[in-house]
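Note on naming: letters A, B, ... go to the chains in the order of the sequence lines (proteins, then strands), and numbering restarts at 1 for each one. Just so it is clear, the structure is predicted and the values come from calculations on it, not from any experiment.
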Protein chains: 2
Amino acid sequence: MPYLNQCTQIPEPVDCRILTAALDLFVETGYHKVSIHEIQRRANVSIGSIYNHFGGKEGVARALHQHILRELEDMIERVCSGIDSPLHCCEAIIAKLFEHTETHRNIIAFAFHAKHSDFLPDEPLLYHSAPFSRMRSIVEKGMARGEIREMNSWVATSSVFGGAIRLIQLRLDGVIDEPLSGLHEQLMDAILGGVLPGRSPKKTAAR
Amino acid sequence: MPYLNQCTQIPEPVDCRILTAALDLFVETGYHKVSIHEIQRRANVSIGSIYNHFGGKEGVARALHQHILRELEDMIERVCSGIDSPLHCCEAIIAKLFEHTETHRNIIAFAFHAKHSDFLPDEPLLYHSAPFSRMRSIVEKGMARGEIREMNSWVATSSVFGGAIRLIQLRLDGVIDEPLSGLHEQLMDAILGGVLPGRSPKKTAAR
DNA sequence: GTCTATACGCTGATAGAC
DNA sequence: GTCTATCAGCGTATAGAC
């Protein structure tokens, strides 16, 4: 997560301070309940600067949105770079998402827990964004290679990632009180082999 | 869906007109972008009436929230009433949710597509509400009976319902342009038998 | 580029007649 | 119970000094 992480260094560039302050506030309070004045206060900048850099509150949200989608995309690219099997790629993505849920909580929360269409109506749907399209195309490649059974690609993608995303949301809401990494193996068993008893896939079979 | 459906009859009670108008507006536009004035206009009532009945906009949302959760709970109870197997119960719930996504779109959208904590911060989390607790306890019973492999109950519940909920959201957003009922069988195969090839569970096995 | 002070519109909420 | 008219507060956006 390159850019927003640089913000922990000094001196922090103004636009970066604004973005991190806005990210934190949006996640904590919800976009609509956050005023520009709060962002301004938390970021230690003036309202004028916010308008100069982003053109307003919605502009901040849009910049944040695009920034985080790009970081997610980069993450997927990085994680999958050395992996040939699409199925292992999916597994690695889920593991990394679980990891980021602990280490980059607000970024994951903004990506998976916010309803972007509520405040960025003109932005294309999240499902059509690069990282989510990428996940779907990986699943499709898995089907083409015979690693994943043939089925409707939305069903396949939802089956592979739906449970993981749900767990992430539960973790973000504090319903699950342990890091998700401890649940990763069980989840992968359920995704690959289903929930019926006596069908747990031998780990070697998928590797 | 007893009460809100009565609103299609005449004469429509005032509080019901308010709730249906608010539901439609909240789903179409998002809670925060809807003003009381709009609800008042769409429902053909006065602002005073809204305050008399619900005490304000948030009161309307809270009534809607509780109402819809109760309807979901009733639906689950009804659907599972004649079914003994927890696993078949889950399957029937998913089928019914898919059906309602077409026939009671806004009710499903409000339940599964809104971020309630954004406008009802004091309400308990959706995951702790009756219908969602019910789903989880059904899954747990399935594990106790040996119909579902033993695993963490959050993982199990997310594995059983996570994909379905994701598909519902895709359908609500118009990303999937066919009724979900046509995807139900494929999804159940993936849930029960996993996504690996050659593992499709014989339908008879689960029945 | 950055800041402060100000203006304007909208929204939630109330008061009081019927 | 229902309605209309009105108010007070807040949040966005701008203007203009530095």
Side-chain angles (χ1 to χ4, degrees), chain A residues 3 6-7 10-65 114-123, chain B residues 3 6-7 9-65 67 114-123:
Chain A
Y3 193 62
Q6 285 175 8
C7 299
I10 44 171
E12 312 170 8
V14 175
D15 58 344
C16 176
R17 278 216 312 276
I18 295 172
L19 286 180
T20 44
L23 173 63
D24 294 345
L25 285 169
F26 289 165
V27 169
E28 288 168 20
T29 325
Y31 175 83
H32 291 282
K33 287 188 183 170
V34 176
S35 73
I36 292 205
H37 294 274
E38 287 176 271
I39 299 174
Q40 169 245 351
R41 214 176 308 141
R42 168 107 48 138
N44 269 311
V45 294
S46 68
I47 291 190
S49 289
I50 294 178
Y51 276 90
N52 267 329
H53 279 275
F54 302 103
K57 184 172 132 183
E58 191 176 320
V60 174
R62 185 170 295 114
L64 210 49
H65 179 82
K115 197 164 182 307
H116 301 95
S117 57
D118 268 5
F119 50 91
L120 294 175
D122 294 335
E123 212 69 21
Chain B
Y3 194 63
Q6 286 174 8
C7 299
Q9 303 169 2
I10 41 170
E12 311 169 9
V14 174
D15 59 343
C16 176
R17 278 217 311 275
I18 295 172
L19 285 180
T20 44
L23 173 62
D24 293 346
L25 285 169
F26 289 165
V27 169
E28 288 168 21
T29 324
Y31 175 84
H32 286 98
K33 287 187 181 169
V34 176
S35 72
I36 289 207
H37 294 272
E38 288 176 271
I39 299 174
Q40 170 245 346
R41 214 175 307 140
R42 169 103 53 136
N44 269 311
V45 295
S46 68
I47 292 190
S49 288
I50 294 178
Y51 277 89
N52 266 330
H53 279 275
F54 302 104
K57 184 173 133 183
E58 191 176 321
V60 174
R62 184 169 295 116
L64 212 47
H65 179 81
H67 185 73
K115 197 163 181 308
H116 300 94
S117 57
D118 269 5
F119 51 90
L120 293 175
D122 295 335
E123 212 68 22

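- Distance check, rounded to the nearest 0.5 Å: CD of B:E58 to CD1 of B:I36 gives 10.5 Å.
- Where DNA chain C meets chain B (any atom under 4.0 Å from a heavy atom), the bounding nucleotides read 5' to 3' are C:dT11 to C:dT14.
- The aromatic rings of B:Y31 and B:F119 lie parallel to each other, with less than 30° between the two planes, well short of the 60° mark.
- Rounding to the nearest 0.5 Å places CD of B:Q40 at 5.0 Å from CD1 of B:I47.
- Between A:I39 and A:F26, some side-chain heavy-atom pair lies under the 4.5 Å cut-off.
- B:N52 places its CG atom 14 Å from the C1' atom of D:dT4, with the value rounded to the nearest Å.
- For the pair B:I47 CD1 and D:dT6 C1', the computed distance is 11 Å after rounding to whole Å.
- In terms of heavy atoms, B:E38 sits closest to B:K33 at OE1-O, 3.4 Å.
- Rounded to an integer number of Å, the gap from CD1 of B:I50 to C1' of D:dT4 is 14 Å.
- Against DNA chain C, the stretch residues 21-45 of chain A makes heavy-atom approaches under 4.0 Å through A:V45.
- Taking CD1 of A:I18 as the start and CG of A:L64 as the end, the distance is 11.5 Å to the nearest 0.5 Å.
- Across A:V14 and A:H53, no two heavy atoms sit closer than the pair CG1-NE2, 4.0 Å.
- Look at A:R42 and A:E28 and you find a salt bridge, because one of the NZ, NE, NH1 or NH2 atoms lies within 4.0 Å of a carboxylate O, short of that distance.
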